[in-house]
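So you know, we letter chains A, B, ... as the sequences are listed, proteins then strands, and number each from 1. What's counted below: heavy atoms across the whole structure, side chains too, no hydrogens, waters or symmetry copies.
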Amino acid sequence: MAPTASPKKIGIFFSHADTGRLDGLDIPRIMAFARELPDVAAVEELDPEARPDPKILAETIQRLQLTEVVIAGDTPGGHKPVFTRAMVMAGGDPELVRLASFGEVGAATGAAENSALAAVACAVHGVPFGLAVTPARVPVHPDTLVIGAGVAGIETALRIAGAGHKVHLVERAATIGGHMAMFDKTFPTLDCAACILTPKMVAAGQHENIDILNCSEVQDVGGVAGEYKVRVLRRARRVDPEACVACHACRDVCPVRVPSEFDEGIVERKAIYMAFPQAIPNSYVVDGENCLWVKSEGKKCGACVKKCPKDAIHLDEEPHSEELTVGNIVVATGFDTFDAELIERYGYGKLPNVLTALEFERLTNASGPTGGRIVTRTARRKRKTKQEEWVFDTEAPAPRSVAIIHCVGSRDQNHNPYCSRVCCMYSLKFAHLVKEKLPDAACYQFYIDMRAFGKGYEEFFERIKDEGVFVVRGRTARIEAGTDGMVIRGEDVVHDRIREFPVDMVLLAVGLEPARGAQRLAKVLDIHPGCDGWFTELNYNTDPTATNRGGIHVAGVCQGPKDIPDTVAQASAVAARVLGSIISGSVRVGRDSVSPEEAADTAARLASIKTQEEPWPSEPTHT
Amino acid sequence: MNDECRIGVYICNCGTNIAKVVNAERVCHRVADLPEVACARTYKYMCSNPGQDMITQDIKEHGLDRVVVAACSPRMHEPTFRKALEAAGLNPFMLEMANIREQCSWVHDDPAKATAKAADLTHAAVRRVARHQPLEKQEAPYTPATMVLGGGIAGLTVAVELADAGQHVHLIEQEGRLGGNVGRVDLTAPYLDSARDLLAEKIVQAETNPRIDVHLRSTLTDLQGFVGNFTGTVTHQDGSDTEFPVGSVVVCTGYHEFDATRVERLGYGKHLDVITSFELEQRLRSGRLETADGRVPRYVSIVHCVGSRNVKYHTYCSRVCCMTALKYGHEIKSALPEAMVTDLYVDMLSFGKGGEDLYRRTSELKTMFLMYEKEDYPVVRAAEAGDDCGLLVQVRERLSGETIDVPADLVVLMVGMQARADSDQVARTVGISQDVEGWFIESHPKLAPVSTPTEGVFIAGCCQSPKDIPDTVAQARAAAAMVLGYIAQGKVEVDARYAQIDGDLCSGCRVCNELCPYTAIAYDPDEGRSDVQSALCKACGTCVAACPSGAIAARHFTDEQILEQIEGVLAWSSSQP
Amino acid sequence: MAIRANPHLIDELEKYGAQDVVKCYHCGNCSATCPFSGDVFVFPRKSMRYLQLGLSSRLQGNLEPWLCYYCGECSEECPRGAEPGETMMSMRRWLTARYDFTGISGLFYRSAKAELLAIVLVALLTGLGLTLFGMAQGDINIYDGPGAFLPAEKIHVFDWVMAGVLVVLLGINCVRMWWYTVGADKEVRIPPGEYIKQLFLVPWHFITQHRYSQCDRKQPWAVHLVLMLSYLTMLILIMFFLHRVQHGPAIDWKAHAFGYLAAAGLVGTTIYALAGRVRKTWTHYQHSHETDWIFLVLLLVVSVTGIIQHVLHRGGWTTAANVVYIAHMMGVVPMLVLEVPFSKWSHMAYRPLAMYFSTMREKALLAEEETEERPQPAAQTA
Amino acid sequence: MEFEPTIVGFLCNWCSYTGADLAGTARIKHRPNLRVIRVMCSGRVDPTFVMQAFASGADGVMICGCHPGDCHYLEGNDKAYRRFQLLKRLMVSYGIEKQRLRLEWVSASEGERFARLVDTMTAELKELGPLELPPDLSLEPGTHPDAPVVREVTHG
């Protein structure tokens, strides 16, 4: 240690945050470790119940003659202001109050306890964690695996492939594109999603460095950082994408009709189908669950095989798994939407004209079932079974009034406590589309807080209001079937009124949830899913795309809800990390491998060579 | 008409997709008679391997020098057939496709008419391909060094990211220190991590990394050249200039905070105890959270959207203020357990990860939230004698419909972000554009959020629009990714399809200079004519169409080629088959 | 004129049981969920707002808490767990304290100790008083008739005196309630005629608790109705038919049938409520304020001692009957003297009055709005 | 036999040509009278192309580009629009009905719209009948010696 004028006396205070995320940590062990560190004069625990009182703390600091204070805990920052004040009251230097934030260094679980120890050591020496804790670099395999081929996955893949490196793009579905392919327009510029995405999809499909593994899922991951061995399950497509020329002969003869996932079930598809005309690979695929031939093990049907002019259909194709070796893995599994049926009072599933956001995206899409006409669902008798079904008929009457309800399943402790970040804006987009296509229709927005935060978003909100959309600040309570259409009841908070009026169509701005299987994937990859199921980034601020494992990155919504621009930015950000590692030929191993002792030594060394002026900038004189 | 050329025409049946409606044989016969056509064939699936082999074979055997494929949309299989040509040692640009599936057989019922149309399209393709020239993909070297403007969190991230990948970076900072606005913040929302530590980490990394040259008190005064081959002139404090050859420039010039004095009602500058968020940060950090006369405040009032979401000042939302305000709620309660915190907001934009949770926890600390109408700012006035507070904030509270006096000893104004005063200067220097609010405009918000119309110039962080630290870092990394993309290739590929100016024909009228959205055309006053910087050209052809003297040619979309095509589609249309 | 926000009101209401009101972010879900909030009275959100901002003056004039019967749906659907139902409950407690001119009510609600102490005190006094009085009167072994230890006729005089005192106390509080909620309000003028026309509402709602029956859930209303009617029956029997229920040993079925039914009703409902609060069966049983427990326990004690005393009396164990009677009265007197004017029971007056006032208020407001017709949502929100 | 007009269509590569392809993949039937010529951007369409098309026998010309604001090249479609206005006046001066030239915005997802446009224009031209060329334009193919010079209105 560099000799200092007055003897250093450091006090360490452990705070139990209300989050309860520290349960996994062995606090006594950490405290014991802290006592052994140089210049540590006192190690105390703060009362989790009471809010610390500055006067008492000041007395403590004086009693123990502390010159420096370290607050350790899950989110110790919550106590920094009071300690800083106490320090001043005790005549100390406020700059010498430091944090050892376990949450920040991902030490929420027992597995990462070493990070917690290291964090304490770094704080004691006054050296930022990131400087002292630098996991070793290991050689990296130049290939990359991208899991999930939505806009995030495609963007990352294109960036890396564009730089001349191999990318395996694994997608669960039969086509790449993800949710964005389903959208009609994108906010706030209102340019069509297809125009933006399809070129990217085609580029990805034709890129010699991108190997698309559709109908595939990552089964398990072995190996070590820098060289992961990934086993990918390739489910049977039953149609050879190379041979298929996307003529629809097979589709026409297929007798099975099932709701189309791509169209959110508002139209039907066959058991042999192509999700949408621009699907990549541009080839048909057989849905094994519903194909008669597959279900009857070859006893029934098989009409498509006979019809196919290119003999591209092999109904007997078996799934197989493939072994890949990659240096970096990018997780871009995106999201699924909240199941609106969980909120009974909105009547989704019972009232035919209560639609979810994605259903409306399909309905209003120029390539959707009604060619983009916004119509109400009408009843129709099924030809065969004679039973009634509700369908979107191009000739059906357009809704005279549309209500859009925000925060469905979001910001609600009974469902998802978090904000889904995109709903406000896409709701405004919907309002615009309604007004554009049905100028006479009344359109209502029921919102809690209008979160128009991005570039041009607030302006878009103003524009929507100018277009004559009624924005009601208040959450709708219930939707019930009325004499003609439905009756919606909600409070108009700012006008202190209950609004109860008939509407023809209700759009539920359903929130986002981690994609199905994200938890499983987290286990397979051994990365942390956060409390809400979104993958935990290595550092909220400085490392929003890395994870606790070296060479494994997260991109896009699977890390937390975000809109397309932010997703694309993050996706490219990941590419930077991957390319960086490939170019430099090495990748850092995960932070779970931190050795606290090592970290302590490094911190001590850095502290001693640290220049006299404080490492962080002081308050600027300008502005 | 070029009679020397030997063209092979291949008409695809695409199973029955084309043949069902279009009589491929007939089309084949008609084009076969054309003088420049050496051979014409039909096949079930041209795209299939046998189909492609057929082409390569013919090229070798019949010595074809040009190929027409009448099949599906070029958007689908042009790359496929270009490969086939290359395989046979032909320049890939000697191919032309006629789209007789998507735009013919699939959309028409009448076989006769469809066949006629298919023939026209194929004929046009033949006429066009006859005028094709072999084109070579152009390449320019890429200088691996990168220039980063601005030493804030965005700039630091870009620099460290690139340096970690082993690349050289020139980090240009106007001020005498690195860190930018984050350096004025103590804790970050929502987890109250130490902003000082995260910044210290980056700064030390930047200062100690030999690959990063930090130039403090310096500004970029001139930028010449094009992607991969820029020369940036940096002027230092002492007036001296240095020139740096760089491949790319990343602009991370950040923001200024809104000047709160502009909103009179809030009394900033009038009442000493009305302070800005940055001033509060300073007081929190120095452990002296006191009023001007050194009292411990009992009531602290936070006002959101100061200068934001307001037509008079800035229409946009500054994106970070709400979260920061909630963070202050916590910090103030921590420093002053006795104090009552009131929070005057318009909409609570706690949207990020952990945001809603922070909002909930702040409410549970008994922060009093009052909602005011957008643009209807509260009025701050001195309290009457005998009041237990120094100031009163009068607000028309929307959730109760009442006009409320909020007691306050300290009023904190959440000042929004605005474009830096000198941003237009930066924009001019590096050749990028700004929106009405002065933020730099990205090429495309979704396709290319960090690129600009000037290739090789990227923007990241708050200079593009307000954003919080994670989003800034993500964008900075995205910019780094773009740069690394170039570096990985070591060269910039210039699309073979670009505009060329015939110096002899150019009258120097400079119409094209103004038109080019990529400023790829420069006027050379000495020569008295304009010239296209091929590396910058995106081959839209707007200039070509505009050139009054027809001096500009769009390679692979030349006037001749298109005129031939026009001739071609019309030649037979008068005579119905 | 601006009203001064008072950040401390929340702390005060916490003592009355409002724990989670700070969590509310005013999505308006509760108000829209409540079948009772309509054109004029929109609640509970608005009341919660007054509380959050500490607008005591507004809250004091607020009739809404009395219009809520705590079916609990709002609390169940609240996205923030702000417990609107419980908050309304606490506001009723707070209002009760506000209406009470003596300030005793507030004291009781804020500290259970104080209330318990008072109860014990009054109980002891009653016990002592009755014993001494009995001693002076006659023989502890004689229940009634000549030389009875506590002759019914004489006790009955006490009953009437006590009743009178209670009516006066409660009456004054009711007037205060009127003043806060209707009288002081200059904006809404209620024509005097209305007071007569709507007066019937008070007994009507008192007897039927009609509004309570309008809740989506009927059971809580049923339970409450039984409890109330049983209690009322007892009151009437004792006040007006004492001679028929007192004299024995023969059982006068015409009177006693009512008595037994009422007794059963009281014990049944009280136990149901207690069990419910222990097991937190209903949303409105989730949170229990001290006063809720005291009230129920007291009621149970009174009912049970009453029954025992009756059995002993009819069984001819006169001495025991007299002793238990004193015990019984030690429960009855504090219950009536303390609970009726100052605590939970006062709502038997406030609720029907609230119905009465609110109906008149609503009519008046709507009448006003007829004149300056109400703006449409479009006009307001666009 | 009935007159079948021939229309030359200049479609921008990024939106309109893709939209036309979508019409195909979605099998949206329309009139076979359009002959499509692919250009990188509607801004590329040189007035001489249009005049040439008329000169060599087209009865109509349709230029399709990205919707305003969507242009792949930022503002090419704006340029096209301004030229289109000039062209119209020019055509009229040559005695060509202005209905014979159309500028339409077709996005990559508007296959349906594209098909309907072709139908409507075909129908209109049938009404109008074959194009009677003014003598001074009916020269042999190739650019006209005194072909009109259309001055570009520079941006801003």
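Listed options A:Q570, A:K562, A:E537 were ranked by heavy-atom pairs under 4.5 angstrom with chain B; first place goes to A:E537. Looking only at heavy-atom pairs under 4.5 Å with chain B, the residue among A:D53, A:N541, A:I582 that has the most is A:N541. Each of A:P81, A:S572, A:C122 has some count of heavy-atom pairs under 4.5 Å with chain B, and the biggest count is that of A:P81. With chain B as the partner, the residue from A:V245, A:D93, A:I160 showing the most heavy-atom pairs under 4.5 Å is A:V245. The greatest number of non-hydrogen atom pairs below 4.5 Å with chain B, out of A:G560, A:P52, A:P544, A:S586, is found for A:P544. For the options A:A575, A:G78, A:G164, heavy-atom pairs under 4.5 Å to chain B are most numerous at A:G78.
Of the two parts of A:D543, the backbone and the side chain both hold a non-hydrogen atom closer than 4.5 Å to a non-hydrogen atom of chain B. For A:F461, the part lying under 4.5 angstrom from a heavy atom of chain B is the side chain only. Contacts of A:Y447 with chain B are made by side-chain atoms alone, with heavy-atom separations under 4.5 Å and no backbone atom involved. With a 4.5 Å cut-off on non-hydrogen atoms, A:T536 touches chain B through its backbone but not through its side chain. Residue A:A246 touches chain B through its backbone alone, counting heavy-atom pairs closer than 4.5 Å. Within the 4.5 angstrom heavy-atom criterion, atoms from both the backbone and the side chain of A:V82 approach chain B. Heavy atoms of A:P561 lying under 4.5 Å from chain B are absent altogether.
Look at A:R159 and A:E155 and you find a salt bridge, because one of the NZ, NE, NH1 or NH2 atoms lies within 4.0 Å of a carboxylate O, short of that distance. Between A:E208 and B:K83 there is no salt bridge, since no side-chain N of the basic residue sits under 4.0 Å from a carboxylate O of the acidic one. The residues B:K353 and A:D566 are annotated as not salt-bridged, no charged nitrogen and carboxylate oxygen being separated by less than 4.0 angstrom. Salt-bridge annotation for B:R285 and B:E281: absent, with no side-chain N of the basic residue lying under 4.0 Å from a carboxylate O of the acidic one.
Every residue meeting the side-chain contact (heavy atoms from CB on, under 4.5 Å) condition with A:D532, not counting sequence neighbours, appears here in chain and number order: A:P417, A:Y418, A:W534.
Judged by distance alone, with hydrogens and angles left aside, the side-chain atoms of B:Q489 form a donor-acceptor pair with the main-chain N or O of A:G162 at under 3.5 Å.
For the residue pair A:R451 / B:S350, a side-chain donor-acceptor distance below 3.5 Å is found, with atom types taken as modelled.
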